[in-house]
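Working notes, beginning with the structure itself.
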Amino acid sequence: MSFQSYLDNIEQKTGLTPRQFVDLATERGFGPGTKATPIVEWLAADYGLGRGHAMALVHVITKGPQISAKHVDSGTAHSDPSDTLWLDGAATNPNG
């Protein structure tokens, strides 16, 4: 599953876009430099997200929407068509 697919699935499950999760995380004091564990624990407790989905959000919360070019069209399990994740909701994604 691509990183973008993880984010789209999270939105479908929770009704919240990745951008909304970034905003909620910021309100809680999470951001660049935050370790994964407290974010994963928050997402599990409040939204019922498993580790894989939570880690996709950890990336976005701590590193922003840019992903490594090694994941772009790599043909691997986490291959994405772009090195920038769409955070504003699956319905408005211009890439699909």
Side-chain angles (χ1 to χ4, degrees):
M1 180 180 301
S2 72
F3 285 110
Q4 188 66 56
S5 293
Y6 273 107
L7 297 179
D8 293 346
N9 286 339
I10 292 165
E11 180 184 358
Q12 188 174 32
K13 178 177 181 169
T14 66
L16 297 170
T17 67
R19 177 99 45 219
Q20 290 171 305
F21 273 108
V22 170
D23 292 343
L24 290 168
T26 300
E27 290 173 13
R28 291 178 150 276
F30 299 147
T34 303
K35 299 289 185 187
T37 300
I39 299 172
V40 170
E41 289 173 349
W42 162 58
L43 294 170
D46 289 8
Y47 300 98
L49 296 181
R51 182 162 178 81
H53 286 87
M55 288 304 291
L57 282 174
V58 165
H59 176 89
V60 172
I61 291 165
T62 62
K63 295 180 172 71
Q66 201 77 26
I67 60 172
S68 171
K70 73 180 181 180
H71 297 295
V72 177
D73 292 327
S74 65
T76 63
H78 296 298
S79 181
D80 277 283
S82 169
D83 68 352
T84 304
L85 300 168
W86 184 257
L87 303 183
D88 295 315
T92 64
N93 190 339
N95 298 317

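Computed from a predicted model, the values in this text were never measured in an experiment. All values below come from the heavy atoms of this structure, side chains included, with hydrogens, waters and symmetry mates left out.
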Which residues share a salt bridge (Lys or Arg N to Asp or Glu O under 4.0 Å) with Asp88, sequence neighbours left out:
Arg19

With sequence neighbours left out, what residues match Arg51 under salt bridge (Lys or Arg N to Asp or Glu O under 4.0 Å)?
none

Hey, any chance Val60 and Trp86 share a hydrophobic cluster, counting ILVMFWY side chains that come within less than 4.5 Å of each other, even indirectly?
no

Counting only pairs under 3.5 Å, give me each side-chain donor-acceptor contact of residues 35-44, with atom names and distances, residues two or more places apart or in other chains.
{"unit_1": "Trp42", "atom_1": "NE1", "unit_2": "Asp46", "atom_2": "OD2", "d": "3.2"}

Could you measure the distance from the CG atom of Asp23 to the CD atom of Glu27? Nearest 0.5 Å is fine.
7.0 Å

Looking only at heavy atoms, which two atoms of Lys13 and Tyr47 are closest? And how far apart?
CE-O, 3.9 Å

CG of Leu7 to CZ of Phe21, rounded to nearest 0.5 Å, is 10.0 Å

Determine the minimum heavy-atom distance between Asp8 and Ala90, stating which atoms define it.
OD1-CB, 3.8 Å

Considering non-hydrogen atoms only, spot the tightest contact between His59 and Gln66 and give its length.
NE2-O, 2.8 Å

Looking at residues at least two apart in the chain, or sitting in another chain, which of them share a side chain to side chain donor-acceptor pair (under 3.5 Å) with Thr17?
Gln20

When rounded to the nearest 0.5 angstrom, what is the spacing between CG in Leu49 and CG in Leu57?
6.5 Å

Between Glu11 (side chain only) and Pro18 (backbone N and O only), is there a donor and an acceptor less than 3.5 Å apart?
no

Got a sec, which pairs hit salt bridge (Lys or Arg N to Asp or Glu O under 4.0 Å) with one end in residues 54-65, sequence neighbours left out?
none

